[in-house]
Amino acid sequence: MKWILFFAALIGLSLCGRDKFFGDQVFRINVRNGDEVNKLQELVKSDNLKLNLWKSFSSLGHPVDVLVPAVSLQPVKFFLNSQGLDYSVTIEDLQIYQEMDSIAGDFPDLANRVKIGHSFEGRSMYVLKFSTGKGSRRPAMWLNAGIHSREWISPATAMWTARKIVSDYGKDPAVTSILEKTDIFLLPVANPDGYVYTHTKNRLWRKTRSVHPRSRCVGVDANRNWNASFAGKGASGNPCSEVYHGPHANSEVEVKSVVDFIQRHGNFKCFIDVHSYSQLLMYPYGYTGKEAPDADELDEVARRAAKALASPFGTQYHVGSISTTVYPASGSSVDWAYDNGIKYAFTFELRDTGHYGFLLPADQIIPTAEETWLGLKTIMEHVRDHLY
Amino acid sequence: MQPRQQALPAPGGPRPAAPLPALLLLLLLALRGAAAAPAGSEAPGEASGWQLDPELPHGLLQKAARAALHFFHFRAGSPSALRALASVQRGRARINSKKECQVDLEFTTERYNPKEGEEHLGKCSAQVLFKNEKPGPTINVTCTRFMEKSQRQQEDYQLYKHMQQLKTPLEVSSIPDSHGHIDPSLIPIWDLAFLGSSYVMWEKTTQFLHYYMAQLSSVQQWKTDEDAIDFDYTVLLHEFSTQEIIPCRIHLVWHPSKPLKVKYHCQEPQPPEEASGTEEGSAVAPTGFSNY
């Protein structure tokens, strides 16, 4: 037992200003014999280290997954190495979660990090809630980003936007008045498993990472999985397809988490989904070519937003309904939102138009976020002035 | 019935009357079930004007412009002549009895990888015939020159010399990298890869399928001698309507004053459920490259 105390002491050292580690990690430990099982059990039970068993002991030969908080990384690694335990780090930390926490910490009266669920692989799904008022059902707007994991400019823009909202509140009359009347919920990484996968294995992965018993192919297109003409035109029933809609609507826990939250809240007026690339600003429908009842108003708002977006750098966006502007797409988040009473439903396809595509250079992140912000504000101001 | 190849009328001028048998219905091209605008017909003698029909799907003209540029790049065979689409100025489309779609359009272009401070805007006009799901549209395209032919040749020779000085074997894994970054000394390689990809993308384009080069994912061989650059590489193409990533192995041979030679083999997207497939849904580099 002596080694437990030793490592608890190391934790103390960790807390006293050693290198800062970003985020939690999951260690996959291969336990090969009863002795190793015992050692691991003791380690996990130790209070100080605050470890969390993800995939528990089933039998020898099956690896054990342990969630290790940032502060415990060093001592746990030291322990595993010194005890000769075989392990690997399975999940890269999500720096974005760190940043979200930091924003909430810096502006506690305005921003809150809220957990709305978890991903297929067990990662938390966090939104930032921006609110100036009391009460849990103020009219609200939802900003959705990163549902297609390879579209990195989307979560990047979302995080810049989060910082912008908190910094400009009280200074920019538009932001201030928007937040006086409505709450804003921002989900920067709607597909965390996919996002991590694009960092570790395949930069161009699009779908979730859900596993299906009857297929060798992994993942569902999370933006074909919503209950809006599910499995209609513009989605595929082939699990290996990039636009696979999934076995049924909301089969993806990432999608279901958002649906449940929004439905429980019951007072959302606006839903904006952010993608890349193509430079488009679109509104329902994707699942049909028929005009949405509010198409005229949505089109007018979108045109004004696109004009605002073009003002700083001249970036041109095309505007129109999803099906006539890109292609038919069923089961999309925006169509679901609209058909569920959220009138101001838009989807952005950010920069560029194909030169770099998904691999947009980092030096374009801030200009993209800045121009997009002007478009978002146009929409949000309109929503503020047309609450229903 | 073959659509009549018409010379593009002068801007603003009235359209000459077209003989009835050759008249085609003015139809919005259906994009895999996308909404169709009401069909209209052109009566002979009616001046229908040369304008951007707001009923044309935004996508169709852009697709046609890109296809025209892919073809233009291959035909020019010059990395210094590469262009990027700026915007479509005007266009129109019609479908003939064979369900082929003819698109006439004018568009502006910029240089593909402009150097610091460079700003070249060019104009192109094109006729693109999409052959009802058969890939490789027939294309007629002319573009205004960015620069004199001699200057372009000079730039090509400079590129050629630069490439010959690159240290081999090229230690290149991904261009651009995950963050969109490319080492400036490697931009010519990206340009050359894009040149070869243009040929592939043109050959694969239909009215429903259009492509972008997402990434140069690996270089199998880079040989330079007095005669040519011998470049064997893999790109990942992004097909927009299916969202699939398609790895293509390309072998090109380039010399500034000779026509470009390209051979390729693409790994076609996912097999149906029953066939044994790979575990990954996208972007798997091809193994077992067969003779082409």
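Proteins get letters first, then strands, A, B, ... in listed order; numbering begins at 1 in each.
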Practice task
Might you point out which heavy atoms bring F240(B) and S278(A) nearest each other, and give the distance in Å?
Solution key: CZ-OG, 3.2 Å
Problem - Shortest non-hydrogen separation from L204(A) to A214(B) and the atoms involved - result: CD1-CB, 4.1 Å
Practice task
Calculate, to the nearest 0.5 Å, the distance between atoms CD and OH belonging to Q215(B) and Y356(A) respectively.
Solution key: 12.5 Å
Practice task
Find out whether R150(A) and H238(B) are in side-chain contact, i.e. whether some heavy atom of one side chain is under 4.5 Å from a heavy atom of the other.
Solution key: yes
Problem - Exceeds 12 heavy-atom contacts within 6.0 angstrom, atom CD1 of I366(A) - result: no
Problem - Minimum side-chain heavy-atom gap R66(B)-T353(A) below 4.5 Å - result: yes
Exercise for the section: Please report the C-alpha distance between R206(A) and I245(B) in whole Å, then the side-chain angles of each, then the deciding distance to 0.1 Å, and finally whether the side-chain contact (heavy atoms from CB on, under 4.5 Å) criterion is met. Expected result: CA-CA 10 Å; R206(A) 165 185 169 91; I245(B) 302 292; over 6 Å; no
Completion exercise
Of A329(A), P361(A), S321(A), the largest count of non-hydrogen pairs under 4.5 angstrom with chain B goes to P361(A)
Practice task
Evaluate the ring planes of Y277(A) and Y212(B), with Trp represented by its six-membered ring, and classify them as parallel (under 30°), tilted (30 to 60°) or perpendicular (over 60°).
Solution key: perpendicular
Handout entry: N238(A) side, atom CG; T242(B) side, atom OG1 - distance, nearest 0.5 Å
Key = 11.5 Å
Exercise for the section: Side chain from CB out, backbone as N, CA, C, O: work out which of these in F194(B) comes under 4.5 Å of a heavy atom of chain A, or both, or neither. Expected result: neither
Exercise for the section: List the steps and the verdict of side-chain contact (heavy atoms from CB on, under 4.5 Å) for D363(A) and H181(B). Expected result: CA-CA 9 Å; D363(A) 63 12; H181(B) 174 74; over 6 Å; no
Exercise for the section: Please check if the side chain of E244(B) supplies one atom and the backbone of E242(A) the other of a donor-acceptor pair under 3.5 Å. Expected result: yes
Problem - Side-chain H-bond candidate by donor/acceptor type, R224(A) with Q243(B), under 3.5 Å - result: no
Exercise for the section: For residues S178(B) and W152(A), report the shortest heavy-atom separation together with the two atoms involved. Expected result: O-CZ3, 3.5 Å
Handout entry: Any side-chain heavy-atom pair of D177(B) and R203(A) under 4.5 Å
Key = no
Handout entry: Between CG on residue L359(A) and CD1 on residue I182(B), distance to nearest 0.5 Å
Key = 9.0 Å
